[in-house]
Amino acid sequence: KLAPVRHCWLRPPRRPSRPLRATSRRIADSLLCGQRSAKSAAMARSASASLAFATLPMFASAFVQRALPTGAAASPIARSPRAVSPRSVAAEANTAVVAGGGPAGLATALILAQRGFDVTVLEKRAEPNPYEPQRAYLYLVDGRGQRFTDAAGLTEELASPATSVSSLNYTVTRCLPDGQREEAVPPILEPSDRPSYWIPRARFLALLNSALPPTVTTRFGAELRELHQTPDGGVEVVASCSDGSELRLTPSLLVGADGLQSLVRQRCGEWSGAAAEYTPVVLPSPSSGLRYQMIKMPPDLRLDPKNASVTAQPRKAYSMRPATDAPLGPTRLGLLPVADPTFPRTANVILPPEHPVWALGSAEEVLGWLRATFPHLPVDDVVSADEAAAFAAGAPGAFPAPCYSPRQQLLLPKAGVVLVGDAIHAFPPDIGQGVNSALSDVVMLGEALDGADGGDGPMAKLRAALPAYEAAAAPEAEAVARIAQVGFPYQYPITRERSPLQKAGWFANFLLRTFVLSKLLPRLFSPAAIVLVQRPQLSYAQVWRTAQRTTRRLQGLGLAAALAAARETLRSSEERLRDLLSWPRSAAQAAPSAPPFAPLLGSTAAGLALRLSYEEGAEGGAEGGPPHGTASREMRPLHSSPGASPNAALRYTGRPAGDAGEASSRSRSPVSISEWSDMTHGSQERPARTPPGGDAMAVGGERMGDGISDCDASIDRGGGCSGAGRGR
């Protein structure tokens, strides 16, 4: 890293030296494309002299700068940067500062340099491509990410067998506790004509660094510390360097590729006065909050404790399954494929934050846990004591909750600010789209810059490009976060769902969509979102809309089925209620031991009394009886009456509301039993018959041998009873 210094402007001599004049003349002649006329030659010599005078101060400044104590050895850089002062940076029109040197930041620097920007990348890592044990994961660069590598000319190198492992014929070998090994294709994978590529993070960063042109200056060991808005409406970037110095830059474009806790995004909220628009929208997910940590293993680790010749192949993936009686519960060790046979393998340990594994405090405890959980793995041969101690002492990482930022850019009077990568969308690695979504952001930014009119200067171009980028990136950021929320959150052995039914419901939904409905009715139903996202020809917004259409159709089918079931239930209940209300007139036809009330009672109705709707009233409102306006129907056995059959008899007494005296004094018109039935359940009459054996129903206390229709007893409206059966 070269510390910025002010240029030392030295007084140039009157004439340049002879070697310098000759060199300048050759440069000028070459610039004139071989035109050797006398006039052009004279112009070239004049230009060469002017060029020599103009370049001497810069040569002298560079010589003085190299002589300063703070030399290049203070911090490594990817390119030999030009040591520039804040004043010179502010003077340049197309300057950009990229906060963050991850895949999103380096890719953005590359596309900006291709479009004429002088770019400075600020990265707090001290080295360009370090091996970080807790970031030793692999990227799966699919068709979306390859759109960027195609534009950058990196796809050929990415697809090289020496660089990555193709996803074609991808399988996972399950190592079971009994020593068996099963090789299978994951069911969520969809065949594709264009393969994806597994590549370690460090190797992918090296690939991007190697493609950066000289107009990109990468400052490692420089951490973004503060951002200020200048009085004229620009942006001042303040970074702390590893040697203790401070770096201040005033670019025309600031790129926030600084991750989930983006300082650039926070300042956008403050400067815009609309902090809520730059606050991430967080979505719940069963996999959010899970802790992860890596265990480094040899590239050719042994898989069989009894046979040393059985080793893992670098270009294959493995899943170590736990013993059923694991002391700390189920867990897995996952190893992804690598192209370099000398590259260390890293096993992922992914568990909830409250799991007792994270409380292991020594190397021996870690090794003991591994031996008991994976008895089929020669733990002492594949995990060193130093690695176990590093696992016990290290702090695990955490999966973020799916989230997205509603806004992705901000325009100031003298500068533009744009966000990419995890600064606008972050989620757990459930769907394998972290690096691909970041590279998609970069591609959209490049397309927006290409489609913008240059106008009167760089700010005019930014004023047209940044809103266009936001219009394209906003729906994609929300869609990919929502896809991650439901994509494949239950792939881990232990998740954090609220109910065990959630996991079963997710797998049932996945199987129904992917293997049943989408196969039978592909025009109406689509596979699950985790399958759709593997189709690079679809944008994230298209994937989410397609999955939501299937969800709405499934909800419609479920609602229709529920309504049909409810209708059938109501129809059955209506029929039972109709039979219940019509039972007094058809009791003679009913079975003695199974009247219509039996299904509702849940047991034999004989010997039980059933009161329906009204209480029983005394005749004429007699003293001590229940109030007027009440009626009752009671089913009771007749076993106590001499000569009575075991059939249940139904008694009716009816009395409309009113005073007892008034009821006894006014005229009463009798109401026949058929009319009472009409008032109770409709006007349709059914003929009543005497049950077999000559049994009769007792109405008003009288026995009728010929049936209800032949009885002259009736219930009058005033509560009296006409006929021989007057009384109760």
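Keep in mind that the numbers below use all heavy atoms, side chains included, and drop hydrogens, waters and symmetry copies. By convention here, the first residue in the shown sequence is residue 1.
One finds the CD1 atom of Ile350 at 8.5 Å from the OG1 atom of Thr331 (value rounded to the nearest 0.5 Å). Note that CG of Leu532 and OG of Ser526 are 4.5 Å apart. Values are rounded to the nearest 0.5 Å. Between atom CG of residue Leu439 and atom CZ of residue Phe148 there is a gap of 6.0 Å, rounded to the nearest 0.5 Å. To the nearest 0.5 Å, atom OG of residue Ser437 and atom NE2 of residue His425 are 4.0 Å apart. A distance of 9.0 Å separates CZ in Phe427 from SG in Cys403, rounded to the nearest 0.5 Å.
For the pair Asn436/Tyr540, a side-chain contact is recorded, criterion being any heavy-atom separation below 4.5 Å from C-beta on. The shortest distance between side-chain heavy atoms of Leu205 and Pro128 does not fall below 4.5 Å. In this structure, the side chains of Tyr137 and Thr346 stay at 4.5 Å or more apart for every pair of heavy atoms. In this structure, Leu110 and Val216 have side chains that are not in contact, with every pair of non-hydrogen atoms separated by 4.5 Å or more. Residues Pro337 and Lys316 are not in side-chain contact: their nearest non-hydrogen atoms beyond the backbone lie 4.5 Å or more apart. No side-chain heavy atom of Pro299 sits less than 4.5 Å from a side-chain heavy atom of Pro341. At least one side-chain heavy atom of Val383 sits less than 4.5 Å from a side-chain heavy atom of Met297. Between Thr373 and Leu328 the shortest side-chain heavy-atom distance does not fall below 4.5 Å.
With hydrogens and angles ignored, the 3.5 Å screen pairs a side-chain donor or acceptor of Thr163 with a backbone N or O of Glu157. At distances below 3.5 Å, not a single donor-acceptor pair connects side-chain atoms of Thr149 with backbone N or O atoms of Leu154. Of the possible polar contacts, none joining the Trp544 side chain to the Pro475 backbone as a donor-acceptor pair under 3.5 Å is found. The closest donor-acceptor contact from the side chain of Gln293 to the backbone of Phe391 lies under 3.5 Å. Glu476 places a side-chain N or O within donor-acceptor distance of the main-chain N or O of Ala541, the cut-off being under 3.5 Å. Asn509 places no side-chain N or O within donor-acceptor distance of the main-chain N or O of Gly505, the cut-off being under 3.5 Å. Between the side chain of Arg144 and the backbone N or O of Val533 there is at least one donor-acceptor pair closer than 3.5 Å. A distance-only check finds no donor-acceptor pair linking the side chain of Gln313 to the backbone of Arg315 [under 3.5 Å]. With Arg345 contributing its side chain and Leu336 its backbone, the two residues share a donor-acceptor pair below 3.5 Å. Looking only at distances, a side-chain donor or acceptor of Gln146 sits under 3.5 Å from a matching main-chain atom of Val141.
Between Leu335 and Met320, the shortest heavy-atom contact is CD1-CE, 4.1 Å. For the residue pair Leu445 and Thr108, the shortest heavy atom distance occurs at CD2-CG2, 4.0 Å. When all heavy atoms of Thr514 and Lys519 are compared, the closest pair comes out as O-CE, 3.5 Å. Of all the heavy atoms in Ala423 and Ser405, the pair that sits closest is O-CB, 4.2 Å. Across all non-hydrogen atoms, the minimal contact from Tyr469 to Met444 is CD1-C, 3.9 Å. In this structure, Leu208 and Ala107 approach most closely via the heavy-atom pair CD1-N, 4.5 Å.
Remark: the Ser309 side chain and the Asn307 side chain contain an N/O donor-acceptor pair separated by less than 3.5 Å. For the 3.5 Å distance criterion, the side chains of Ser287 and Asp430 qualify, holding a donor opposite an acceptor. No side-chain donor-acceptor contact under 3.5 Å links Asp304 and His376. Asp142 and Gln433 are linked by a side-chain donor-acceptor pair at a separation below 3.5 angstrom, with hydrogens and angles left out of the test. Side chains of Thr217 and Thr120: a donor-acceptor N/O pair is absent below 3.5 angstrom, by distance only. Ser285 and Gln485 are not linked by any side-chain donor-acceptor pair at a separation below 3.5 angstrom, with hydrogens and angles left out of the test.
Electrostatic pairing of Arg535 and Glu190 counts as a salt bridge here, judged by a charged N lying under 4.0 Å from a carboxylate O. Salt-bridge formation is not detected for the pair Glu183/Arg174: no Lys NZ or Arg NE/NH1/NH2 atom is positioned less than 4.0 Å from an Asp or Glu carboxylate oxygen. Under a 4.0 Å N-O distance rule, the pair Arg371/Glu364 qualifies as a salt bridge.
Using cut-offs of 30° and 60° on the angle between ring planes, the pair Phe488 and Phe507 is perpendicular.
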Evaluate Arg513 against Leu554 for side-chain contact (heavy atoms from CB on, under 4.5 Å), listing each step before the verdict. CA-CA 9 Å; Arg513 290 180 184 230; Leu554 287 176; 3.8 Å; yes
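For Asp178, the CG atom counts as densely surrounded, since its 6.0 Å shell holds more than 12 non-hydrogen atoms of other residues, nucleotides or ligands. In the displayed structure, Glu156 atom CD is contacted under 6.0 Å by at most 12 heavy atoms of other residues, nucleotides or ligands.
Taking the six-membered ring for Trp, Tyr292 and Tyr492 have ring centres at least 6.0 Å apart.
A cation-pi arrangement is not found for Arg321 relative to Phe374, the charged atom failing to lie both closer than 6.0 Å to the ring centre and inside a 45° cone about the ring normal.
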